[in-house]
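Reckoned from all heavy atoms, side chains included, excluding hydrogens, waters and symmetry mates. Here is how names work: the chains are called A, B, and so on, in the same order as the sequence lines, proteins then strands, and each is numbered from 1.
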Amino acid sequence: MLSIISKRSIFLHQKLVKSLFEQTVTRTLATHWDPKFRRLRKNKFTEPTLLDFDSNTKEKVKRGIEPPTSFIYKPINITSSKEIFDPYIPPEGDGKASLFSKEFAKGAVEKITKSTSKKFKHLRLIKKSDSNFDENLFAETAQQIYIDAHSILSKRDPEEMLNFVTENALMKMYHNMKFKTIRWKWIESLEEPVVKHLVTREMMVKTDLYAQVTVRIHSKQILAVYDRFGRLAFGSDTLPKDVLEYVVFEKHLSDPYGSWRLHDKIIPSWSPAKTPVIRSFALPEPYKTDDELEKRIVSKFKGDDSHLEKIQEEKS
Amino acid sequence: MFNNLIKSLNFLSHNIYHINRSIPTGLFHTNLASFVNKQDKSLEEDDFDLQRKESAKIKNLERLGSIKSHISWPQYNRIIYPPTEDGKPIRNPFVHHMRHFVKYPAKKMWYPALMIRGMSIDEAIKQLSFHRLKGAHIIKEVLLEAQDLALKQHNFEFKSNMWISYSTAVDSFRVKGVRKHRAMRLGMVEYKYCTYYVRLEEGVPPPNYHLEAETYEARAKEYIEKLRKRSIYLSI
């Protein structure tokens with residue numbers, strides 16, 4: 001111990017020197033009072049080949065060790081997108097005020113989204129695959145899909161849910177629901193469902209087409225969430241609530257087995273605050289986003305409606 | 001000469017199962033020289049091959065039952081209890097946590113694990129931070145991890161409203177090595193690993209955790225429950 005004296009520690013040498021009594025007190029009682037031959041005894045032992053269970057594979061790759069290969073070739077089938085094409089901006093006083101009131105007139109003009117002028121062209125593309133597509137009928141079927149999807153949530157079966165829900169929505173609905181029980185009930189609809197917005201987009205190639213439709217649903221529902229041990233965590237089992245939502249449904253048009261499924265919800269900024277969770281909790285740290293990663297991620301869907309112009313050229 | 005001895009000892013530790021136990025004392029070096037020349041370089045192993053072999057040994061020992069498996073303990077965290085009409089839970093909420101393959105002997109790890117039983121989590125962390133042994137600091141890390149898990153995933157409300165109802169340390173496996181004694185005598189050395197299991201429950205710790213099992217009434221209850229648990233397999 002005292003043989004290693006560097007330039008830095010010469011100054012502190014007096015502090016490092018302890019009496020033998022102090023040395024015994026700080027160390028455990030299983031050592032000898034005068035360990036003279038500790039260094040030489042070390043040479044009598046072999047170096048054991050101990051395994052690193054705490055280190056990750058990244059450190060091993062730096063040292064030149066290959067990571068274990070468990071690579072199985074699986075076919076990939078892309079049937080949904082991760083985003084909302086050209087999101088619909090709902091007007092502000094929608095659920096509270098009527099058309100002829102002051103509040104509606106003040107700030108509630110329906111803001112024009114980009115492609116409302118091309119609505120009929122998007123409709124034409126949808127009718128190529130679905131000849132019997134009607135807006136008013138579709139709103140009712142969409143409401144039924146919404147009811148089926150939420151009533152199956154309590155069964156905790158993701159394969160059944162994929163009939164009514166896209167993979168993007170399943171990720172958001174199923175992840176935090178795995179270890180909880182949910183009781184959901186649909187009581188009635190307060191207003192008729194209305195289709196508000198239609199969009200189609202291509203994915204990289206002309207023949208890959210996806211369509212999205214936003215529907216406005218105003219309804220009464222009951223929701224109660226119980227945690228792992230059967231304690232109420234959110235909502236109530238008896239009190240219903242009014243719910244106004246703008247739900248997005250998606251379909252893969254170029255797929256013969258595609259169907260309309262629930263994709264995502266648009267939450268406007270003026271929506272009222274949610275009811276609080278029953279138990280108190282400490283706020284977690286804010287989620288940090290990788291800016292470099294997000295720059296690299298580019299959506300494979302075009303941001304334009306340029307594929308609509310080619311329809312007129314074909315006709316002419 | 002001494003360096004040659006060290007090299008031979010290292011070789012021995014890797015290939016100890018090839019050598020007979022009865023080594024003649026005078027001809028120690030010449031025998032080893034013959035082994036060294038016959039070394040095949042194609043049999044050299046990477047670190048990952050070694051780890052696969054060791055993990056295969058561990059799996060076999062788990063099947064035989066001499067090591068407790070490290071999968072069944074955290075599976076208790078996935079059980080979902082249904083809600084009741086009263087609102088009270090069927091069972092006191094709990095969290096299971098563990099750390100396996102800790103490089104520390106289980107005999108030493110058991111002492112701080114025993115000390116903790118029945119304590120609230122704040123007091124346990126306080127006591128462990130001033131404990132003499134290295135295993136106590138490892139247990140402290142495991143407890144803090146379990147506390148985070150409970151708050152985020154299992155809907156525990158308060159950080160300090162928990163207590164420890166189960167904590168043990170158990171042998172997992174050993175790696176063998178060699179050391180030299182006074183005069184051409186070898187000795188076996190074992191490098192030991194252990195696992196540590198914990199269960200945290202919500203609420204205030206019970207007042208007489210250690211003394212409950214020692215009263216006559218409690219012992220009689222346990223005996224009667226044991227007798228009533230018995231069942232005859234494959235009976236009508």
Side-chain angles (χ1 to χ4, degrees), chain A residues 25-30 40-55 57 59-61 63-70 154-156 175-183 224-238 277-285, chain B residues 2-3 5-6 9-14 16 45-48 50-52 54-55 77-84 86-95 99-103 132-134 151-159 173 175-181 186-187 189-191 193 202:
Chain A
V25 165
T26 51
R27 260 191 258 140
T28 58
L29 299 171
L40 300 172
R41 201 182 308 126
K42 200 182 180 183
N43 294 328
K44 289 189 184 181
F45 287 77
T46 57
E47 276 186 32
T49 55
L50 296 175
L51 306 166
D52 297 330
F53 291 104
D54 295 330
S55 67
T57 52
E59 291 171 7
K60 283 182 182 168
V61 166
R63 281 188 269 147
I65 299 161
E66 291 174 4
T69 55
S70 61
S154 57
K155 289 182 192 173
R156 276 187 230 110
H175 174 68
N176 274 326
M177 198 277 307
K178 254 195 264 183
F179 300 114
K180 292 168 187 151
T181 54
I182 286 177
R183 286 181 183 170
V225 176
Y226 299 90
D227 70 349
R228 227 189 101 216
F229 303 104
R231 302 176 289 185
L232 233 199
F234 182 78
S236 72
D237 212 355
T238 50
V277 174
I278 287 169
R279 301 197 127 205
S280 61
F281 62 95
L283 281 175
E285 290 175 5
Chain B
F2 201 57
N3 286 328
L5 254 181
I6 292 160
L9 278 172
N10 280 326
F11 185 82
L12 271 177
S13 66
H14 288 302
I16 201 155
E45 292 169 348
D46 297 332
D47 283 354
F48 260 107
L50 277 172
Q51 198 165 15
R52 268 179 225 138
E54 292 288 334
S55 64
N77 283 334
R78 292 173 160 243
I79 300 171
I80 301 164
Y81 296 97
T84 55
D86 296 338
K88 290 180 188 176
I90 293 167
R91 193 184 156 158
N92 206 20
F94 65 93
V95 167
R99 190 184 279 198
H100 59 91
F101 308 140
V102 182
K103 175 68 195 63
R132 204 179 75 183
L133 297 177
K134 182 178 124 180
L151 292 170
K152 286 178 187 173
Q153 293 180 9
H154 296 93
N155 201 24
F156 278 46
E157 196 168 1
F158 295 115
K159 208 168 75 165
F173 72 100
V175 177
K176 289 190 185 173
V178 175
R179 70 153 287 173
K180 183 188 158 351
H181 280 288
L186 295 175
V189 174
E190 281 181 345
Y191 300 97
Y193 289 84
E202 198 174 24

**Q** Hey, does the side chain of A/T46 reach the backbone of B/G177 with a donor-acceptor pair shorter than 3.5 angstrom?
**A**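 It does not hold such a pair.
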
**Q** Less than 4.5 Å apart, side chain to side chain, heavy atoms only: is that true for A/K180 and B/N155?
**A** no

**Q** Measure B/K103 against the heavy atoms of chain A and call it side chain, backbone, both or neither at under 4.5 Å.
**A** side chain

**Q** Tell me, yes or no, whether the heavy-atom count around A/H175 atom NE2, taken from other residues, nucleotides or ligands under 6.0 Å, exceeds 12.
**A** no

**Q** Please list, chain by chain and in numerical order, all residues satisfying side chain to side chain contact (heavy atoms under 4.5 Å, CB included) with B/R91, sequence neighbours excluded.
**A** B/Y81, B/F94, B/R199

**Q** Rounded to the nearest 0.5 Å, what separation is found between the CD atom of B/Q153 and the CG atom of A/N176?
**A**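 It is 9.5 Å, given to the nearest 0.5 Å.
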
**Q** With chain A, which of B/K152, B/E157, B/K88 has the greatest number of heavy-atom pairs at distances under 4.5 Å?
**A**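 Going by pairs under 4.5 Å, I would pick B/E157.
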
**Q** Tell me, side chain or backbone of B/E202 under 4.5 Å from chain A's heavy atoms, or both, or neither?
**A** side chain

**Q** When only heavy atoms count and the cut-off is under 4.5 Å, which of residues 224-231 of chain A reach chain B?
**A**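 Residues A/Y226, A/D227, A/R228, A/F229, A/G230, A/R231 are the ones that qualify, each having a heavy atom under 4.5 Å from chain B.
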
**Q** Relative to chain A, which segment of B/P93 carries a heavy atom at a distance below 4.5 Å: side chain, backbone, both, or neither?
**A**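 Both parts, backbone and side chain.
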
